[in-house]
Amino acid sequence: MTGRLFDGLARRSILWLVALAMAALTLIGLAGMSTSVLVAETVQGSASAINVAGSLRRLTHRMASLVVADVLEEKVATERVLASVREFEESLVHPALLRVIERTPDSVFAATYRGAEAAWRLSVKPRVDAILTEGPPPSREGVAALLTEVDAFVEQLNTLVAVLEFDTEERIGDLRQILALAIGLTLFVVVLALVLLQRRVYRPLNALLLAANRIAAGDLSAQVSHTGRNELGQLGTAFNTMTGELSKLYRDLESRVEAKTAELQRSNRALELLYHAIARLYHAPAAPEAYEATLRDIEQVAGLRGSLACIEPRHDGPASVIASSIGPCPDHVESGVEAELACARCRSHSGGWNYEREGDHDLLRVPLRDAERHFGTLRLALAPGQRLEAWQQQLVEALSRHVGMALGAARRSEQARLLALQEERSVIARELHDSLAQALSYMKIQVSLVQPLVGDPARSAEAEAILADLREGISAAYRQLRELLVSFRLKMTGDFSELLQAAVDEYASKGKIEVELETRLADCHLGPNQEVHVLHIIREGLSNMVRHAHASKAWLSLKCDADGEFSVVLDDNGVGLGEPVSDARNHHGLAIMRERACSLGGRFDIAPRPGGGTRVSLRFRAGTAIVTETPIAFGSVK
């Protein structure tokens, strides 16, 4: 009963169980102590009473002995007998005996006491009074009767003492039993409480500790079996709820991490694909292989059945396919010769990002355009019902945009090449017009002048002079043609230093002249056009030196100061400039050099070299744009 009570209480509240156990122990202790106090109260004075009762026997025998002694001495009862009688009667009403009787008036001791008192008062006392009142010596019969009464009376006193001792021992036994019961109940309550605490506290706490260790080790599926309405049961329920929520949260986090990881991997893959596609398209924007590889990448990422890229023609005509993994354009094939109708969708600017059924697959059309114009359409073949995800749409859109930009770059590059070709042809035409055309025009005039003189002997001298001018013009035209061919065929391969060193080596070998080259360009940077003009000026100066200077040594230096001023100085130890020519129009090489210097925005000088020879110098600011209002007119070389 008690166990079920404790167990039921432990199921509800452990604190109540502990409180009840402590209360039970307290009650048991209080009950045991209270009972012990009561029992001790009942035996209090019993020892004194036993001593007094025992002394009654001694006093009775003393009183009988004094009486017998008086009889033997044949004396009248002496005062000492009276004193012993008084002492006996005082002991008979001793307070210790009376307290015992008052405490238990209905006990055996009280009855025995009253019997002994009655025997004293009715039997022994009258005998003693009779002997004291008899004259001396007392009769022997009276003494004998007294002794007989004393013996019986002593037996009653012995009984009185025995009853008192028995009663005391019995109460002490009761006290012992009460204490034993209290100890037993205490041990029972303690053992029961320990058993319940072990079952309801230690085991659940140990289970919670083990579960907490499993969670600390990463096992979020740990659960405890102890649940209920008590504190640890509620804690176990809360623990299971917490681990369940943690496990759910952890699974949710794992799924999010997996999703994010997959998304990052997909993004990395898309970026890698986009990077390679951009590099491929911008490296070779006009190569069909680049577009075919890009379409394969799109098919792999989007899981397509195939793809096709068609672009509009630049003139009237059908659209053309630049790359395809599904064969020729199905519209064009189905429509046969009606090419314009078949390619209408490719030309449509508004089409794109719409799914439509075509044969056994769904078709997605994506426009190909850059920021300026529409180039065509990208056709993506998907499985029936398949739709691109958001990230796939973004990737396809980015790739289609870069395909459109690559197509635009290819168009612009082609236009740039066309413009460059036109410019080159314009330069050649201008060169021919300013050199050979003028020379031929001059010779045509000379021919028209010499024609009337042919056959007139009187004007033969005039004809000879015109023929000499005509011969010199033909020679000059031939030289101009040769220089133009050299200029047109000059290959600008290699960097500026290599080209410069090659020119120096070339003319040093032609003229068998020692040429020292010194370059201190520091951080000066010449533009491509500046390098070309500088190189032509140096070649013209070296050519003039080889043909006219009769020099044995030359010095060529190219320097650039801290302000960006670029200078070219060509010195030789030749014969020098000599007398100035009257007509400088025939020095076309120098004119061209000046024109080139003017196109560089610089200054060209030719003067005597200190110490003999000729100095040709050029100065201009490196890296500046060429600004000239006068068109460059390349004339003939000297």
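As a basis for the values below, the full set of heavy atoms in this structure was taken, side chains included, without hydrogen atoms, waters or symmetry mates. This structure is a prediction, so every number in the text was calculated from the model and none was measured.
For Arg256 and Asp252, the salt-bridge test passes: some basic side-chain N is under 4.0 Å from an acidic carboxylate O. Under the 4.0 Å criterion applied to side-chain N and carboxylate O atoms, Asp370 and Arg412 are assigned as salt-bridge partners. Note on Asp362 versus Arg387: salt bridge recorded, some NZ/NE/NH1/NH2 to OD/OE distance being below 4.0 Å.
The shortest side-chain heavy-atom distance between Phe375 and Val403 does not fall under the 4.5 Å cut-off. Side-chain contact between Asn544 and Glu540 is present, with at least one heavy-atom pair separated by less than 4.5 Å. Considering only heavy atoms from C-beta on, Pro384 comes within 4.5 Å of Arg305 through its side chain. Looking only at side-chain heavy atoms (C-beta outward), Arg373 and Arg411 come within less than 4.5 Å of each other. Side-chain atoms of Leu363 and Leu382, non-hydrogen and from C-beta on, never get closer than 4.5 Å to each other. In this structure, the side chains of Ile311 and Tyr291 stay at 4.5 Å or more apart for every pair of heavy atoms. Looking at heavy atoms from C-beta onward, Arg520 lies out of side-chain contact with Ser557 at the 4.5 angstrom threshold.
Note that NE2 of His276 is 8.5 Å distant from CG of Asp297, once rounded to the nearest 0.5 Å. In this structure, the separation between CG on Leu380 and NE2 on His361 is 10.0 Å, given to the nearest 0.5 Å. Distance CD1/Ile278 to CZ/Arg401: 10.0 Å, rounded to 0.5 Å. Between Leu378 atom CG and Glu397 atom CD the span is 12.0 Å, to the nearest 0.5 Å. Once rounded to the nearest 0.5 Å, the distance linking OH of Tyr442 with CD of Glu472 reads 7.5 Å. Taken from CG in Leu618 to NE2 in His533, the straight-line distance is 11.0 Å, to the nearest 0.5 Å.
The number of heavy atoms from other shown groups lying within 6.0 Å of NZ (Lys553) is above 12.
At a cut-off of 3.5 Å, with distance as the only test, a side-chain donor of Arg251 or Ser247 sits close to an acceptor on the other residue. With no hydrogens or angles considered, no side-chain donor-acceptor pair links Glu272 and Asn268 at under 3.5 Å.
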### Evaluation steps, side-chain contact (heavy atoms from CB on, under 4.5 Å), between Thr614 and Met545
CA-CA 9 Å; Thr614 306; Met545 180 191 68; over 6 Å; no
